[in-house]
Amino acid sequence: MISRLKGTDDILPPESHRWRRLLRAFDDLAQRYGYDLAVMPAIESTELFSRAVGETTDVVEKQMYTFEDRGGRSVTLRPEFTAGMVRAYIDSGAQGIVKLAAAGPQFRYEQPQKGRRRQFYQVDLEYLGEAAPGADAEVIEFSYRLLEMVGVDGIGLRLNSIGDASDRIAYRGLLQDYLRRHQSDLSEDSRRRIDSNPLRVLDSKADAEVVGDAPVPFDHLGAEAADHFSEVRSALDTLGIPFELDPRLVRGLDYYNRTVFEFYSSSFEAAQSSLGGGGRYDPLAELIGSRQAVPAVGVAMGCDRIVEAMAAVEVRRLNIYVVVADRDRTSDALRWVADLRGRGLKVDWDASTARSVKSQFKAANRSGADVVSIVGAEWSAGMVSMKVLGTGEESKVPVEEVEEWMKQR
RNA sequence: GUGGCCGUAGCUCAGCUUGGUUAGAGCGCCGGGUUGUGAUCCCGGAUGUCGGGGGUUCAAAUCCCCUCGGUCACCCCA
């Protein structure tokens, strides 16, 4: 028997019922907020990610599924959505505002643990071509509503601003000085990052103590970034979205500027408890070689983790299970099942048309159907027997009145 | 990449310390009790390369070594 690859999952019922609810809620909300669907490649040129995400990030350094294709090109299974979405925006020749929603698998080669798989799923929103803080607030609000809508308890939102690149030139020096002074107390990884990517040290759990007194970007915002951030916060206040400021939240990818945020749930007990995150990434387009600037902000939510944090979903799968009690009526039953399905009812039957009535009833019970409808001798009088599985009560109903009878229940 | 714990029936697990009849239980599945009635109840049935390989032994699910997988955690992220 060949088994699954490490870190991949088969998502089957009953768990998949929660996935269906999440994906439908996402699709529904995206339309309400004016986001169009984007269906994106799962594979891109390696360079896209190394340039956009950043050479010195963990994702690029050690987590990418990268290989050479048969034409000798270096390709990578996408580790995230944003870079590809911006590439698509530029490739399409789009200008101005484009709001896109996407969903699908991402790939990162890591040791799996609770809430972290090698193939995982995200729903993603990108507000492209808009520099105003209202866009930041909108994607954050959207994410909050989505979590609310699917029943996640204890939703928390951490928020910060890391300012613009120009703000960080001076700040970076201050931070490096501080880190060098405490070099002996830092982990090996963090020491290495003092020169390559000092901001990321702020995020290090291992060095939380040292980092606690380090200078933070929030105290070194330029006037424009500071205004932008205060408008984001005031919009969130207006919308009634609660948040907490976290001056050490920087996020692991290089393309962010200004607003960064992360959602979590206090009900999701795992070391990897972040349900989603995102931020503004005005520099990204130019990182991947665009001549035009594309100010933008986006969010990616981890489906696997959200589903873990969701309440169980009770699903009645079917309205009617049709039992064929008289095999001579099989083709009548087949036509009728098709007819009911055509009317929008959720209907199933035993397609083998060969099993005993008893086993058809067992299957009906397992299917979660509300009602069993029996096609047998009464069919010749234009009737079927309708048995309500919950109560056991049974009555004969004219075939053409079944749809109405179901509505009356 | 590193560390802890765990791999026995479809699922959850007992048995392993102290090696010894045909390796068990519950749930699920299938059939019967009901010639057209599930869920409940009663009766019966099927299913195991005891994760894989090697070693010790008269004898290994049980002891030893290696290996693969799962899980949780570290690093970091969704």
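Naming: A, B, ... by sequence-line order, numbering from 1 per chain. From a predicted model like this one, the values you see are computed outputs, not experimental measurements.
Base pairing of rU71(B) is made with rG4(B), judged by Watson-Crick or G-U wobble geometry with both donor-acceptor distances under 3.5 Å. Checking rG36(B) for Watson-Crick or G-U wobble geometry (two distances, each under 3.5 Å) identifies no partner in any strand. Pair assignment for rA14(B): none, as no Watson-Crick or G-U wobble contacts are both less than 3.5 Å.
Summarising the geometry, atom CH2 belonging to Trp379(A) is positioned 8.5 Å from atom CZ belonging to Arg329(A); distances are rounded to the nearest 0.5 Å. In this structure, CD in Glu126(A) is found 5.0 Å from CE in Met85(A), a value given to the nearest 0.5 Å. Remark: Ile162(A) CD1 to Arg280(A) CZ distance equals 12.0 Å, nearest 0.5 Å.
The separation of rG38(B) from rG33(B), taken at their C1' atoms, amounts to 15 Å, rounded to a whole angstrom. Of the P atoms belonging to rG15(B) and rG7(B), the separation is 10 Å, rounded to the nearest Å. Taking the P atoms as reference points, rU22(B) lies 22 Å from rG10(B), given to the whole Å. Remark: the separation of the P atoms in rC6(B) and rC43(B) is 38 Å, to the nearest Å. To the nearest whole angstrom, the two C1' atoms, one in rU40(B) and one in rG3(B), are 50 Å apart. rU34(B) and rA39(B) have their P atoms separated by 15 Å, given to the nearest Å. Taking atom P on both rC63(B) and rU8(B), the two are 16 Å apart, rounded to the nearest angstrom. Taking atom P on both nucleotides, rG51(B) is separated from rU12(B) by 14 Å, rounded to a whole Å.
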Nucleotide-resolved protein contact map, nucleotides 35-44 of chain B, B/S/- at heavy-atom distance under 4.0 Å | -BBBS-----
How does protein contact run along nucleotides 4-10 of chain B, one letter per nucleotide 5' to 3', with B for base contact, S for sugar-phosphate only, - for none, heavy atoms under 4.0 Å?
-> -------
Spell out protein contact along nucleotides 66-78 of chain B as letters: B when the base is contacted, S when just the sugar-phosphate is, - when no protein heavy atom is under 4.0 Å; keep the 5' to 3' order.
-> ----SSBBBBBBB
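Between the side chains of Asp153(A) and Ser267(A), no donor-acceptor pair of N or O atoms lies under 3.5 Å. Checked by atom type, the side-chain pair Asp167(A)/Asn257(A) shows no donor-acceptor distance below 3.5 Å.
Applying the salt bridge (charged side-chain N to carboxylate O under 4.0 Å, His left out) test to pairs two or more places apart or on separate chains, those with a residue in residues 37-58 of chain A are Glu44(A)-Arg87(A), Glu47(A)-Arg51(A), Asp58(A)-Lys62(A), Asp58(A)-Arg193(A), Asp58(A)-Arg200(A).
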With a 3.5 Å cut-off and sequence neighbours excluded, list the donor-acceptor pairs that the side chains of residues 12-23 of chain A form with protein atoms.
from, atom 1, to, atom 2, distance (Å)
Arg18(A), NH1, Val307(A), O, 3.1
Arg18(A), NH1, Met310(A), O, 3.2
Arg21(A), NH2, Met149(A), O, 3.4

Could you list the donor-acceptor pairs under 3.5 angstrom formed between side-chain atoms of residues 400-409 of chain A and any protein atom two or more places apart in sequence or on another chain?
from, atom 1, to, atom 2, distance (Å)
Glu403(A), OE1, Arg343(A), NH1, 2.7
Glu404(A), OE2, Gln408(A), NE2, 2.6

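Panel note: side chain Arg355(A), backbone Gln360(A); no donor-acceptor pair is recorded below 3.5 Å.
A cation-pi arrangement is absent between Arg108(A) and Phe120(A), since the terminal nitrogen or guanidinium carbon is not both under 6.0 Å from the aromatic centre and inside a 45° cone about the axis.
Counting heavy atoms from C-beta outward, Phe26(A) and Leu125(A) have side chains that approach closer than 4.5 Å.
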